[in-house]
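Data block below; observations after.
We count ligands from 1, going down the list as the structure has it; atoms in each ligand are counted the same way.
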Amino acid sequence: MKKIIALILVLALAVGMVGCSQETNKNVKLDGTYEGIGSGKGGNIVVDLTIADNKISKIEVKEQHETEGLSEAMNIMTNNMIATNSLGVDSVSGATLTSAGFRMAVKNAFEKTGADESALISTGKVEMEKRESEYTADVIVIGAGGAGMTAAITASDNGASAIVLEKMPIQGGNTLLSGGEYAAPGNWVQVEEKLEDSNEQFYKDILKGGDNENDPALARILADNALDGANWLKDYIDVRFEDYQLFFGGHSVKRSLVPINATGFEMINKLTEKLNEKEIPLHKNTTATELIQDKDGKVIGVKATYGDQEITYKANKGVILTTGGFGSNLDMRVKYNKNMGEEILSTNSVGSTGDGITMVEKIGAQLVDMEYIQTYPTCDTQSGTLLYVGDVRMEGRSILVNKEGSRFVEELERRDVISKAVTEQTGGVSYMFWDESAMVDSKVAVKHETEYNNLIARKQLVKADTIEEAAKFFEIDAAELKKTIDNYNQYAKDGKDLEFNKRGELVPFGEGPYYIMVSKPAVHHTMGGVKINTNAQVINTNGEIIKGLFAAGEVTGDIHGTNRLGSDAIADITVFGRIAGQSAAK
Ligand code: ADP
């Protein structure tokens, strides 16, 4: 009995204390606007947090340097914080660093109220948008990267209704994270610069770059339709391009168009606008898990999950698979290529987990070239992300050296060749060297000021007045580096690189300051995937068409053979995304 009374007393006390603390919190006046600072992926995030009637009423981001497109994560978190009156909302998948930096900034602002976070009385949990358990459209597209949105828009232009499913909270996939460059023979910048090029030359480059392991018919379609696709993006989707182009490795001529600001954001943003304009539903946070077939094997729909809800998407005409590659799926990487283990970082979106490949394999689709996984040669040594400051290489204005101060590869070679060469150098890294004139003339590197500052802060890039000083920073053999530069300048004078026969114009290095950036290869593109024909129809292991199923983009295989050339992916997703959209709408 005594025990029971004691328990009642303890409980009463506890309830009283909770009541008391809530009472105290209710009495704390939080109202006002407070500034807070956090550290995101690209640097400082500064916010103004406004509280009215003890409720979060507004969060304004005053400064941020996050990846364009992924900065959407801050809007999502703002809405959720306001909806729940809480700072404890989930991070946005695919934008972890941005989410953490934003939360840090908001918490920092809240600290200035002098109160504890519990003073914000929660108004419930985040409500997900309501969904039906079944949807029907002519065409269901799985994956809202460049290929998926292109396919959906084209299907709609061909008279079909479409729904796009995207598993992440933010669309764009690897396309968004890319530089967005687009290889197009005969493009308007080439015409302006009077550069000779042809579809045939591009076709040959694609095959040569892929060691002739490509399906020639698919490579031919890519080469013959690349320019048309670029014009479609420019004229119909309203993608803005810079007035210069880049010389990507392995191409025999400069033919790579650059979207405005040299990022994939322009394409994803404009494709999203077109999707909205055409009222094509984009169901985000929706993961396709299984393809549905009728008794004859025709694909007639998709099963998907949305939170803990199961949704069936029925397709009257076809399902288009545009789920991207598997660069972020370690198990799958190692399954197909044991050299692609966890020691190699990745440039990929966290959504690139090969879901499409797993789904089609279950229904007997043919997979090709799965072992060919490309690393991008010059990535961040700490995070694996692409380094756009390093595009000074594609502007023909930098060389790659090793710790010993020597060049070791042609700087405009194929990505796989450079990557392999880098791995064989001391420490498995390369050092990119350039001078001030390259920086002054640069059109790309200078567009990435945030990345530049971030690299300097993390000691991955140095700017120094002399070659010796720059070399010393990374403990590179300075005397040898100076010799390497003298030799290179002589080659530039003679118009021929006697060591590596570097393609393009050779520009000598001049006065300082000088720049050196360290980098190493990271998984970038998975060349293998689903076998398709020239109509983007998926082929089974018997070589027959799987009715009702189409695929485009990185999920497909055999277009690029052993190795995709830089800037061919955006051409690929546009060309085959359009074909898939047309075919599925029939
Ligand atoms: P591509 O360049 O071929 O268009 P991306 O990587 O740009 O490829 O886009 C692929 C998109 O597909 C990504 O946004 C990714 O999140 C999405 N995705 C991957 N798997 C699924 C899935 N199971 N369900 C829905 N979307 C998916």
Near [X], which atoms of ligand 1 are under 4.0 Å from a heavy atom of that residue?
X: G146; result: 4 (O), 7 (O)
X: L165; result: 25 (C), 26 (N)
X: T287; result: 23 (N), 24 (N)
X: G553; result: 3 (O)
X: N174; result: 5 (P), 6 (O), 7 (O)

Any heavy atom of [X] sitting closer than 4.0 Å to ligand 1?
X: T286; result: yes
X: S349; result: no
X: M168; result: yes

Examine the proximity of ligand 1 to [X] and report which part, side chain or backbone, both or neither, has a heavy atom under 4.0 Å away.
X: T323; value: both
X: T353; value: neither
X: D355; value: side chain

Which residue supplies the protein heavy atom nearest to [atom], what is that atom called, and how far is it?
atom: atom 16 (O) of ligand 1; result: E166 OE2, 2.6 Å
atom: atom 26 (N) of ligand 1; result: K167 N, 3.1 Å
atom: atom 9 (O) of ligand 1; result: G145 CA, 3.2 Å
atom: atom 2 (O) of ligand 1; result: T175 OG1, 3.2 Å

| Relative to each other, are the rings of W232 and Y236 parallel, tilted or perpendicular (30° and 60° limits)? |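 W232 vs Y236 ring planes: tilted.
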Would you say [X] has more than 12 foreign heavy atoms packed within less than 6.0 Å of its [atom1]?
X: E449; atom1: CD; result: no
X: K284; atom1: NZ; result: yes
X: E371; atom1: CD; result: yes

| query | At their closest point, which heavy atom of E134 faces which heavy atom of K314, and how far apart are they? | reply |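 Minimum heavy-atom contact is OE2-NZ, 3.2 Å.
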| query | Taking Q374 as the fixed residue, which of H524, R415, H560 is the one that meets the side chain to side chain donor-acceptor pair (under 3.5 Å) rule? | reply | R415
| Going by an N to O cut-off under 4.0 Å, is there a salt bridge joining R564 and D572? |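 Looking at D572 together with R564, the answer is no, because their closest N to O distance does not fall below 4.0 Å.
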| task | Output, in order, the C-alpha distance, side-chain angles, deciding distance and verdict of side-chain hydrogen bond (donor to acceptor under 3.5 Å, both in side chains) for S352 and N174. | result | CA-CA 8 Å; S352 299; N174 276 349; 3.3 Å; yes
